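Scroll down for the structure; my scribbles are underneath it.
Note that this is a predicted model, so its numbers are computed, not measured.
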Amino acid sequence: MHETYMRRALEIAREALDEPGALPYAAVVVKDGRIVGEGLNRANGRYDPTSHGEVEAIRDACAKLGTLDLSGCDLYTTAEPCSMCVATMYLSGIERLYYALAVPDSAAFMARLAARDPKWQRRISAADLRREVSLPMHQRQMPAEPVLRDETSAVFEEFARKVEA
């Protein structure tokens, strides 16, 4: 059964062959033995760094099912997901992950593309991204500082009171 879902992900990945800006990172979300979401990495074509196959498949599944809760769902993807995609999987409740290529395979593929055309160059590798997001905010390379904390807290408090009413 796993091969059936992975083959569908591979069919979607092949769409990247004919779609400018797409990459063969594709995914499907499966619930109760049926595919409920599909996605393809269209980040370059859409100028959207969040348009990864896994995120697109999760968006599709959530929209089709009318929920943010994908408990009971599995995700099949052509390559081991990046940190953003893994976070999205956790936030949506995906229960199991099945993948084809590992991070080193994907890194080699992307390096090959980047060597031929700089548009495929990534700002940060999957390995470095994993390391960065695991660090406390003050230890990350990207500077960060709080701004307007009290005013923002007041808006959040007002929202919570409205929901509780």
Quiz item: Going hydrophobic residue to hydrophobic residue with side-chain gaps under 4.5 angstrom, can you get from Leu23 over to Leu40?
Solution: no
Quiz item: Should we say atom CD of Glu158 is surrounded by more than 12 heavy atoms from elsewhere, each under 6.0 Å from it?
Solution: no
Quiz item: Quick one: do the Ser71 and Asp69 side chains pair a donor with an acceptor below 3.5 Å?
Solution: yes
Exercise. State the CD1-OG1 distance between Ile12 and Thr77, to the nearest 0.5 angstrom.
Key: 10.0 Å
Quiz item: Same cluster for Val28 and Met1 if Ile/Leu/Val/Met/Phe/Trp/Tyr side chains link at under 4.5 Å?
Solution: yes
Quiz item: Do other residues, nucleotides or ligands put more than 12 heavy atoms under 6.0 Å from the CD atom of Gln139?
Solution: yes
Quiz item: Does Leu135 offer a backbone N or O that forms a donor-acceptor pair with the side chain of His138 under 3.5 Å?
Solution: no
Self-check item: Nearest-0.5 Å distance that lies between atom CD1 in Ile35 and atom NZ in Lys64
Solution: 9.0 Å
Quiz item: When rounded to the nearest 0.5 angstrom, what is the spacing between OH in Tyr25 and CD in Glu56?
Solution: 15.5 Å
Quiz item: Considering residues, nucleotides and ligands other than Leu68, do more than 12 of their heavy atoms fall under 6.0 Å from its CG?
Solution: no
Side chains of residues 80-98: which donor-acceptor pairs under 3.5 Å do they make with residues two or more places apart or in other chains?
residue, atom, partner, partner atom, Å
Glu80, OE1, Val103, N, 3.1
Thr88, OG1, Met84, O, 2.9
Ser92, OG, Thr88, O, 3.0
Ser92, OG, Met89, O, 3.2
Glu95, OE2, Gly72, N, 2.8
Arg96, NE, Asp74, OD1, 3.0
Arg96, NH2, Asp74, OD1, 3.1

Quiz prompt | Electrostatic pair Arg42:Glu19 at N-O distance under 4.0 angstrom | solution = yes
Quiz item: With sequence neighbours excluded, what pairs up with Gln121 under the side chain to side chain contact (heavy atoms under 4.5 Å, CB included) test?
Solution: Ala114
Quiz item: Does some side-chain heavy atom of Thr50 sit less than 4.5 Å from a side-chain heavy atom of His52?
Solution: no
Quiz item: Of the non-hydrogen atoms in Met6 and Ala100, which two are nearest, and what is the gap between them?
Solution: CE-N, 3.8 Å
Quiz item: So, the side chain of Thr67 versus the backbone of Cys62: is there a donor-acceptor pair under 3.5 Å, distance only?
Solution: no
Self-check item: Beyond-backbone contact of Leu65 with Leu70, side-chain heavy atoms, under 4.5 angstrom
Solution: yes
Quiz item: Roughly how far, to the nearest 0.5 Å, is the CD atom of Gln141 from the CD1 atom of Ile124?
Solution: 6.5 Å
Quiz item: Taking atom types as modelled and ignoring hydrogens, do the side chains of Arg140 and Ser134 form a donor-acceptor contact shorter than 3.5 angstrom?
Solution: no
Quiz prompt | Where at least one partner belongs to residues 1-18, residue pairs that pass side-chain hydrogen bond (donor to acceptor under 3.5 Å, both in side chains), sequence neighbours excluded | solution = His2-Tyr76, Arg8-Glu11, Arg8-Glu38
Quiz item: Do Leu75 and Ile58 have side chains that get closer than 4.5 Å, going by heavy atoms?
Solution: yes
Quiz item: Do Trp120 and Phe109 sit in the same hydrophobic cluster, where Ile, Leu, Val, Met, Phe, Trp and Tyr count as joined when their side-chain heavy atoms come under 4.5 Å apart?
Solution: yes
Self-check item: Least distance between heavy atoms, Ala27 atom then Ala57 atom
Solution: O-CB, 3.6 Å
Exercise. Show the numbers, then the answer: is there a side-chain contact (heavy atoms from CB on, under 4.5 Å) between Thr78 and Leu10?
Key: CA-CA 7 Å; Thr78 55; Leu10 286 170; 3.9 Å; yes
Quiz item: Is a side-chain donor or acceptor of Asn44 paired with a backbone partner of Ala22 at a separation under 3.5 angstrom?
Solution: no
Practice problem: Could you tell me which non-hydrogen atom of Ala13 sits nearest to which non-hydrogen atom of Ala26, and how far apart they are? | Solution: N-CB, 3.5 Å
Quiz item: Where do Ser51 and Arg46 come nearest, in terms of heavy atoms and distance?
Solution: OG-NH1, 3.9 Å
